[in-house]
Student: 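For reference, the structure I am asking about is given below.
Below, chain A is the first sequence line, B the second, and so on; all start at residue 1. Not measured: the values here are computed from a predicted model.
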2 protein chains.
Amino acid sequence: MGERRFSRQRERIYQAVRASRAHPTAQMVYEELREQMPRLSLGTVYRNLHLLAEEGALVELGGPVARFDAQLRPHPHLRCIRCGCVADAEMAYDGSLDVQAARDGWQVESHSLIFNGICPACGKESEHLKGDSITWN
Amino acid sequence: MGERRFSRQRERIYQAVRASRAHPTAQMVYEELREQMPRLSLGTVYRNLHLLAEEGALVELGGPVARFDAQLRPHPHLRCIRCGCVADAEMAYDGSLDVQAARDGWQVESHSLIFNGICPACGKESEHLKGDSITWN
DNA sequence: TCCTTAATAGTAATGATTATCTTTATTGTT
DNA sequence: AACAATAAAGATAATCATTACTATTAAGGA
């Protein structure tokens, strides 16, 4: 449990998420940075994404594969049930919901609101193809 | 692509989810049924849970490990950030949100609203222990 | 420059889920 | 009831995301 030190890898990882609008996965960050840092390891990406999330510099989004967001204000997201891409919803985060949801002995801290749908790209290229729907409630 | 046949395994799997209030995972269903059906295979549980979800008899909930619900009316859920358990929120599903969320070329079909918090059991046993927070937005 | 040790790279291990493949069982038909 | 066609099961291997482990590298203070 020592003091945190600077590392160029962590810095680049943070900047990569910041610069992206794709809510990238660890794999996506890894592949992008690898071009410039061929020796980068995937484990390093995972470790640092979690460190950054832990210290509040990033937010981790759920789902079957984790995604990361440098936009710290909580907000709803849109997820494509075809390609899995994630976008920000233009909608405010309603913290009052957390109060309403509390019941029994639950202590509600936050909520995640994810809209499932078809993204512009997928909606265009496939008015015929019927891929597997990956929707969650 | 043949016609669907009856199978006692599928029937029991469906009943197991129906009878549970835990929004069980595939593993949970498997372990429970195994007592009565020692030869049951985990792959069979996964295959049938997905078949049942596909034909609309069950709903699949997201998260790092998939959970299943026989309550078909969409509704928000509570998830414990300590133990991972899932419960129903006593709150109506607001379909009007889906209309509001639509933007650009997105076709929104549904949404999932999950409250993150501490369940009664975890809140009781640990006002001292500080486990890893697993919260998603 | 030297030391301490946090952080990395590389790789093995884990856990959930999916795929493959042989055997079993459902169901329509004799 | 026996038969044939094939959906589904059981067993196991493979895949994918993520985590753990270990020897080496590199912050950063003395």
Student: Is it true that B:Arg10 and B:Tyr14 share a donor-acceptor pair across their side chains at a distance under 3.5 Å?
Tutor: no
Student: Nearest whole angstrom, please: distance from the C1' of C:dA16 to the OH of B:Tyr30.
Tutor: 14 Å
Student: Hey, does A:Tyr46 reach any base, or is it just sugar-phosphate, or nothing, if we go heavy atoms under 4.0 Å?
Tutor: base
Student: Atom pairs, N/O to N/O, protein against nucleotides 10-16 of chain D, distance under 3.5 Å?
Tutor:
unit_1	atom_1	unit_2	atom_2	d
D:dG10	OP1	B:Gln9	NE2	3.3
D:dG10	OP1	B:Arg39	O	3.4
D:dG10	OP2	B:Ser41	N	3.3
D:dG10	OP2	B:Thr44	OG1	3.3
D:dG10	O5'	B:Arg39	O	3.3
D:dG10	O3'	B:Arg39	NH2	3.4
D:dA11	OP1	B:Arg39	NH2	3.4
D:dA11	OP2	B:Arg39	O	3.4
D:dA11	N7	B:Ser41	OG	3.3

Student: Rounded off to whole Å, could you give me the CD-to-C1' distance for the A:Glu11 and D:dA27 pair?
Tutor: 14 Å
Student: Taking atom C1' of D:dT18 as reference, at what distance in whole Å does atom CG of A:Leu49 sit?
Tutor: 12 Å
Student: Is the distance from OP1 or OP2 of D:dT6 to the nearest side-chain N or O of B:Arg5 less than 4.0 Å?
Tutor: no
Student: Find the distance A:Glu55:CD to C:dA6:P and express it as a whole number of Å.
Tutor: 16 Å
Student: Expressed in angstrom and rounded to an integer, what is the separation of A:Leu51 atom CG from C:dA6 atom P?
Tutor: 13 Å
Student: Please tell me whether B:Tyr93 and B:His75 form a close aromatic pair, meaning their ring centres lie under 6.0 Å apart.
Tutor: no
Student: For atom CZ of B:Arg103, decide whether the heavy atoms of other residues, nucleotides or ligands shown that lie under 6.0 angstrom number more than 12.
Tutor: yes
Student: Output yes when at least one side-chain N/O atom of A:Arg8 is less than 4.0 Å from OP1 or OP2 of C:dA7, else no.
Tutor: no
Student: Where the side chain of A:Val65 is defined as all heavy atoms beyond and including C-beta, which of D:dA8, C:dA7, D:dA17 is the nearest nucleotide?
Tutor: D:dA17
Student: According to a 4.5 Å side-chain heavy-atom criterion applied to Ile, Leu, Val, Met, Phe, Trp and Tyr, with indirect links allowed, do A:Val86 and A:Val59 form part of one hydrophobic cluster?
Tutor: yes
Student: If the cut-off is 4.0 Å, is A:His50 near the phosphate of D:dT18, judged by side-chain N/O to OP1 or OP2?
Tutor: no
Student: Hey, which of these two, B:Arg4 or A:Asn48, hits DNA chain C nearer its 5' end, going by closest nucleotide?
Tutor: A:Asn48
Student: Is it true that atom CZ of B:Arg8 has more than 12 heavy atoms of other residues, nucleotides or ligands lying nearer than 6.0 Å?
Tutor: no
Student: Between A:His23 and A:His77, what is the ring plane arrangement, given parallel below 30°, perpendicular above 60°, and tilted in between?
Tutor: perpendicular
Student: Whole Å only: how far is the CG atom of B:Leu61 from the P atom of C:dA16?
Tutor: 17 Å
Student: Got more than 12 heavy atoms from elsewhere within 6.0 Å of CZ, B:Arg39?
Tutor: no
Student: From CZ of A:Phe6 over to C1' of D:dG29, roughly how many Å is that when rounded to an integer?
Tutor: 17 Å
